[in-house]
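To keep things clear, I will list the structure first and then write my remarks on it.
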Amino acid sequence: MSTTKSPSATVEGQKGAYNPKEVESKWTQYWFEREVFDLDIIPDKPRFSCALPPPNITGSLHMGHALNGTLQDVLIRLKRMQGYNVLWQPGTDHAGISTQMVVERKLKKEGKSRRDLGREAFVEQVWKWRHEYGNTILEQYKRLGVSFNWDRLAFTMDEGYVKAIYRAFVTLYKEGFIYRGHRVTNWCPRCLTSLSDLEVEHQEVHGHLYLIKYPLVGESGGLTVATTRPESMLGDVAVAVNPEDERYKKFIGRTVKLPLTERELPVIADSYVDVEFGTGCLKITPAHDANDWEVGQRHNLPAPVVIDAEGKMLANEYVPKQFHGKDRFITRQGVVEELKQQELLVEIQDYVHGVGHCERCHTVIEPYLSDQWYLSMKELAEPAIKAVEEGRVVFIPERYASTYLDWMQNIRDWNISRQLWWGHRIPVWTCEECKHRDAFETAPEQCPQCGSKKLEQDPDVLDTWFSSALWPFATLGWPQETNELKVFYPTTILSTAREIINLWVARMIFTSLKFLKTIPFKHVLIHPVIQTPDGKRMSKSKGNAIDPLDMIDRYGADANRFWFTSVGIKGDQDVRFREDRLEEYKRFSNKLWNAGKFVLAQLEGYTPKGIEADKLTLADRWILHRYNVMLRNVNVAFNNYDFDDAAREIYDFTWDYFCDWYIEIAKIQLAQEGTAEQTRRVLHVVFEGLMRAMHPITPFITEELWSKLPKSELFTQLDSIMFAPYPREDERFFCEEAENEMSLVMKIIRSIRNTRQTFNVPAGSEADVILHIGDAGEKAILEKMTDYIKRIARAGQLTFASDSSMPPRSAWEQVASSKVIVPLGALIDVEKTREKLQQRKQAVEKDVQKTKQILDSADFRKKAPPEKVQSIESQLAELEKQLNSIDAQLKMLE
RNA sequence: GGGCGGUUAGCUCAAUGGUGGAGCACUUCGUUUACACCGAAGGGGAUGGGGGUUCGAAUCCCUCACCGCCCACCA
């Protein structure tokens with residue numbers, strides 16, 4: 001057994017207060033020195049595994065990471081203690097666009113661009129950056145105390161991981177799921193790459209709807225079209241109307257002149273046109289609008305390109321000279337001016353509409369005609385839909401299943417190519433000689449068809465999410481059949497943010513079903529979003545984000561973790577950040593610390609021994625009951641992912657039951673020879689168990705206190721509390737009797753305190769108390785507890801009266817069938833007493849009225865269950881009895 | 001445009017259809033040797049509005065308002 005030393009020895013100079021910083025750095029260092037986080041595969045145990053959503057290497061820890069990291073760590077630590085074979089796979093994502101942006105920005109400061117360096121040198125620069133800064137966020141995670149398997153850090157550009165990506169790509173390619181598509185896609189003119197639909201953020205923009213007249217050729221009049229992007233009209237090839245539209249039927253097949261140019265456009269009919277919207281005439285610009293592209297395809301129209309990749313107007317025959325090379329938004333103004341002058345601008349309406357922005361740099365997306373690699377989704381989505389519909393993959397809260405299903409059921413093909421340099425280069429090579437094109441897992445030396453060595457690899461890289469999609473199995477070594485895959489796959493849970501359900505979760509599900517023939521995880525936990533104190537979205541760029549590291553500095557990691565746990569994942573998922581909640585849990589840490597100090601002081605030289613049930617006092621039996629009830633509730637709550645319930649159970653037990661009541665009673669019992677020994681045993685059992693019960697939530701403080709507690713032989717051999725078994729309730733200690741008896745004692749004590757305060761009995765004076773207890777059984781219980789009641793309620797003499805009469809000038813309170821009487825004698829303030837009695841009378845009268853209302857209401861007696869009726873009736877009787885007493889007392893004062 | 005979530009004490013949140021709770025803040029008292037980052041007591045609420053179901057609604061149904069989020073190819 002280790003020697004027991006007061007933990008305050010480690011926190012000198014601070015009376016009583018818990019110092020989280022010191023304890024946290026001490027144990028972080030210890031944990032890493034002992035390598036407690038290294039993976040240890042235990043055969044023949046059930047598994048619990050989970051992959052950390054890999055943060056971007058450019059990232060820094062924000063509230064979402066901290067919250068999600070905590071929730072996962074709570075489960076991981078819990079399951080580890082419950083004897084599961086546990087894996088928590090950590091790692092980072094190379095984050096294509098983000099990382100390329102960061103390094104480009106850095107180069108820009110040095111006056112260079114990536115083109116100056118060339119592809120190879122640039123990628124080298126990014127790697128350099130990655131080695132220098134890429135693990136920042138993981139270091140920040142350490143402050144939170146997360147128990148990743150740190151020896152298994154993965155990165156989406158690790159050698160093995162890259163093999164997985166190429167295996168996946170080539171397989172999909174050979175099976176025909178990946179194809180080259182020529183069409184209009186989302187394009188960021190700043191990042192100079194295409195984007196998938198999910199990487200486009202729709203923001204509400206206050207813009208304009210321009211109504212422009214296209215004159216008819218060879219006759220007077222014209223058609224008026226509506227557009228939000230007049231500059232794109234230069235690429236128009238037709239005006240479309242709905243074939244059913246009576247207003248325009250007659251124009252179909254005629255010709256209009258495109259303003260600002262000499263071009264003539266046909267008027268065509270297409271049911272895509274909405275008769276209700278705008279003028280009912282739609283200009284068709286196939287190269288610069290995804291829908292127009294479709295219309296153009298249907299009608300075999302050309303697709304002239306007028307805007308280039310950087311969002312500037314092209315210098316070609318479609319664009320009037322004055323706009324050549326001009327930015328798209330400047331051109332918009334120019335086109336509008338020109339139209340005004342030619343009196344072809346019919347109207348400008350204010351118009352609020354959703355405009356796509358680049359998720360990374362917030363530039364307005366330009367629909368852009370290009371060749372991209374697409375993944376055909378329909379067939380791949382089907383089994384993934386089934387997996388969720390059939391409950392093999394379960395979302396928690398379950399409502400998020402519909403977010404997923406809605407997306408998957410309306411799935412569109414996925415553009416997986418990006419025109420970037422940082423990422424996984426698309427493993428497709430084309431023979432320069434015979435133009436044969438194919439995908440290869442490793443670079444081919446020669447063309448398999450003609451043998452030529454002149455092969456060119458596709459310049460594009462894969463969408464970052466293509467590699468993330470493989471995360472749960474690629475990190476475990478797939479496509480190799482590793483032991484880790486065998487032991488830990490499919491994983492148990494995935495805990496993540498709701499905003500990436502489609503972007504990431506959906507894609508892991510379909511890739512896993514495709515390549516592993518099984519689901520990637522059983523439960524998908526969707527955690528809440530922490531908002532600013534006034535309910536806004538936290539955003540680094542807006543400067544309203546709260547840094548979790550600051551909060552850890554200020555309140556301690558455990559306090560932060562406790563708050564995250566108490567937030568839970570079930571209820572409201574928009575959680576406002578409130579610093580006073582952290583304050584609360586910091587105080588809780590302090591409370592626990594001081595309780596620990598007390599317990600440790602009592603256990604000096606103590607050797608753990610079993611509890612002897614027949615020697616327990618009421619208070620002992622009561623706290624053991626409460627303790628085991630708490631354990632039961634906590635286990636149930638965790639099992640259902642009710643983190644908030646578990647946190648509340650632990651908080652309330654610790655503060656309200658253990659500290660406020662049991663420790664106070666223990667002080668009395670410890671001073672008496674007959675009860676001292678069992679009290680120490682109970683204190684030890686409960687407090688030691690409480691440390692283990694809390695450890696998943698608050699690893700630092702529990703590790704510190706537990707390390708100082710006397711422990712049984714088995715436990716002293718453990719490197720850390722994290723390997724100790726998680727406590728479960730022992731039903732033998734459930735004791736409703738103790739619960740009832742103790743709650744009676746507590747009620748009486750509260751009543752004495754209340755009466756003293758109400759009548760201003762000075763705290764220093766020990767007022768005598770008379771108890772008239774109506775029930776003989778209750779009286780017996782209370783008589784046994786006389787010493788405790790006297791001490792805790794600070795009573796002088798405590799006597800039991802056989803009738804309810806009381807000395808004149810007494811203050812009193814009714815508790816169930818009993819009366820708590822405090823004779824005040826000379827202490828009494830007649831006016832004050834009368835005032836208080838009147839107040840109390842009013843309160844009781846209000847209750848009487850309420851109760852009568854229930855009883856008198858229509859069919860209550862007829863239809864409510866009899867036991868309910870009876871209980872309300874007895875309540876009424878009780879209240880009326882109280883009223884009588886109050887009246888009697890008032891009379892006595894006259 | 002579609003969908004989801006929320007609206008309870010001054011603030012942040014709890015409450016199997018049965019007389020609405022906690023923490024913070026506020027008021028009063030208190031340094032009793034684990035803790036003043038504490039203890040004790042207290043004040044404070046037509047549960048967003050309006051309908052409906054029910055003996056009984058914060059809770060179930062309808063509707064409106066406001067807040068937040070996701071999805072969406074209506075120019």
Side-chain angles (χ1 to χ4, degrees), chain A residues 6 8 15-18 184 197-198 202 209-210 225-229 232 240 272-274 276-279 281-285 289-294 351 353-354 356 367 397 399-400 402-403 406-407 410 412 498-499 501-502 528-529 531 533 535-537 566-567 571-578 580-581 583-602 644-645 648 651-652 656 659-660 663-664 667 750 753-758 760-764 791-794 847 850-851 853-854 857-865 868-869 871-872 875:
Chain A
S6 166
S8 59
K15 199 180 132 215
Y18 174 56
V184 172
D197 298 332
L198 286 171
H202 290 269
L209 192 60
Y210 301 88
V225 303
T227 180
T228 54
R229 301 192 300 144
S232 72
Y272 165 70
V273 180
D274 182 349
E276 304 289 318
F277 190 87
T279 59
C281 295
L282 175 64
K283 65 190 222 30
I284 301 298
T285 324
D289 183 286
N291 297 308
D292 292 7
W293 171 256
E294 301 292 325
Y351 187 59
H353 60 139
R399 61 176 178 272
Y400 289 108
S402 69
T403 301
D406 285 351
W407 167 258
N410 298 298
R412 299 163 70 201
R498 62 193 181 207
E499 63 189 21
I501 289 174
N502 299 325
V529 173
Q531 303 176 328
K536 298 279 182 290
R537 191 191 185 91
S566 74
V567 160
D572 187 0
Q573 290 229 327
D574 300 315
V575 177
R576 294 179 181 207
F577 176 80
R578 290 287 304 185
D580 55 11
R581 297 311 299 263
E583 183 75 42
E584 179 186 351
Y585 293 121
K586 182 188 167 207
R587 274 199 288 265
F588 180 68
S589 305
N590 193 59
K591 186 76 178 173
L592 184 72
W593 179 256
N594 280 293
K597 256 181 5 187
F598 172 80
V599 171
L600 286 170
Q602 307 313 317
D644 44 341
D645 288 345
R648 201 174 16 248
Y651 186 99
D652 290 347
D656 297 346
C659 291
D660 282 353
I663 284 186
E664 292 311 312
K667 285 175 188 169
R750 285 202 190 97
R753 285 170 169 169
N754 181 317
T755 309
R756 290 173 56 100
Q757 294 241 3
T758 305
N760 291 338
V761 177
R791 166 130 175 212
I792 293 171
R794 297 183 62 68
D847 284 348
K850 262 191 189 167
T851 314
Q853 241 171 38
I854 295 171
S857 64
D859 292 331
F860 178 73
R861 287 171 192 282
K862 245 187 278 170
K863 298 197 177 171
K868 191 74 205 168
V869 177
S871 99
I872 303 252
Q875 267 176 34

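Small disclaimer: the values here were computed from a predicted structure and weren't measured. Chain letters run A, B, ... following the sequence lines, proteins first, then strands; residues in each count from 1.
Taking atom CZ of residue Phe577(A) and atom P of nucleotide rG23(B), one finds them 21 Å apart after rounding to whole Å. Between Asp274(A) atom CG and rA72(B) atom C1' the separation is 15 Å, expressed in whole Å. In this structure, His202(A) atom NE2 and rC69(B) atom P are separated by 16 Å, rounded to whole Å. Rounding to whole angstrom units, CG of residue Asp660(A) and P of rA40(B) are separated by 5 Å. Going from atom NZ of Lys597(A) over to atom P of rC35(B) covers 6 Å, rounded to whole Å. Atom OH in Tyr585(A) sits about 12 Å away from atom P in rC13(B), given to the nearest Å. Taking atom CD on Glu583(A) and atom P on rA36(B), their separation rounds to 15 Å, with Å as the unit. Rounded to whole Å, atom P of rU28(B) lies 21 Å from atom CZ of Arg753(A).
Separation of atoms CG (Asn594(A)) and OG (Ser589(A)) is listed at 11.0 Å; rounding is to 0.5 Å.
Comparing rC35(B), rG18(B), rC11(B) by their closest approach to the side chain of Pro865(A) singles out rG18(B). With rA41(B), rA75(B), rG68(B) as the candidates, the nucleotide lying closest to the side chain of Tyr351(A) is rA75(B). Closest to the Asp580(A) side chain, of the nucleotides rC24(B), rA72(B), rU12(B), is rC24(B). Counting only heavy atoms from C-beta on, Lys863(A) has its side chain closest to rC55(B) among rG20(B), rC55(B), rG68(B). Set against rC37(B), rC55(B), rA34(B), the side chain of Ala17(A) has rC37(B) as its closest nucleotide. Side chain of Tyr272(A), nearest nucleotide from rC73(B), rA34(B), rG68(B): rC73(B). Distance from the side chain of Arg399(A) is smallest to rG5(B) among rG5(B), rC67(B), rA34(B). Closest to the side chain of Lys586(A), from the set rC37(B), rG18(B), rA41(B), is rC37(B). Set against rC69(B), rA34(B), rA41(B), the side chain of Arg537(A) has rC69(B) as its closest nucleotide. When distances run from any side-chain atom of Gln757(A) to the nucleotides rC73(B), rA41(B), rC11(B), the shortest one goes to rA41(B).
Here the separation of rU59(B) from rC35(B), taken at their P atoms, is 47 Å to the nearest Å. Atom name C1', nucleotides rA9(B) and rU47(B): the rounded distance is 10 Å, in whole Å. rA14(B) and rA22(B): their C1' atoms are spaced 7 Å apart (whole Å). Rounded to whole Å, the P atom of rC67(B) lies 31 Å from the corresponding atom of rA25(B). Remark: the separation of the P atoms in rC70(B) and rC11(B) is 26 Å, to the nearest Å. Nucleotides rG17(B) and rU53(B) place their C1' atoms 12 Å apart, quoted to the nearest Å. On the P atoms, rG51(B) is 14 Å away from rA57(B), given to the nearest whole Å. As rounded to the nearest Å, rC13(B) and rU28(B) have P atoms that lie 29 Å from one another.
Classification of the Tyr351(A)-Phe277(A) ring pair by plane angle, with boundaries at 30° and 60°, yields perpendicular.
Remark: the Glu584(A) side chain and the rA22(B) base include no donor-acceptor N/O pair separated by less than 3.5 Å. Side-chain N/O atoms of Lys591(A) and base N/O atoms of rC35(B) include a donor-acceptor pair closer than 3.5 Å.
The pairing partner recorded for rG42(B) is rC26(B), the criterion being a Watson-Crick or G-U wobble arrangement whose two distances lie under 3.5 angstrom. Partner assigned to rA36(B) is none, using Watson-Crick or G-U wobble distances below 3.5 angstrom. In this structure, rC74(B) forms no base pair with any nucleotide, since neither Watson-Crick nor G-U wobble geometry is met with both distances under 3.5 Å. With both pairing distances under 3.5 Å, rC4(B) is matched to rG68(B) as a Watson-Crick or G-U wobble pair. Nucleotide rU16(B) is matched to nothing when pairs are restricted to Watson-Crick or G-U wobble geometry with both distances under 3.5 angstrom.
Nucleic acid contact class of Val567(A) (heavy atoms, under 4.0 Å, all strands): none.
Smallest separation of non-hydrogen atoms from Thr285(A) and Asp292(A): N-OD2, 2.7 Å.
In this structure, rA41(B) is classed as anti because its glycosidic torsion departs from zero by more than 90°.
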Notebook entry, point to check: What do the steps show when you test Arg581(A) against Glu584(A) for salt bridge (Lys or Arg N to Asp or Glu O under 4.0 Å), and what is the final call?
Noted result: CA-CA 5 Å; Arg581(A) 297 311 299 263; Glu584(A) 179 186 351; 3.1 Å; yes

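Residues Asp660(A) and Arg750(A) are not paired through a salt bridge, judged by the lack of any N-O separation under 4.0 Å between the basic side chain and the carboxylate.
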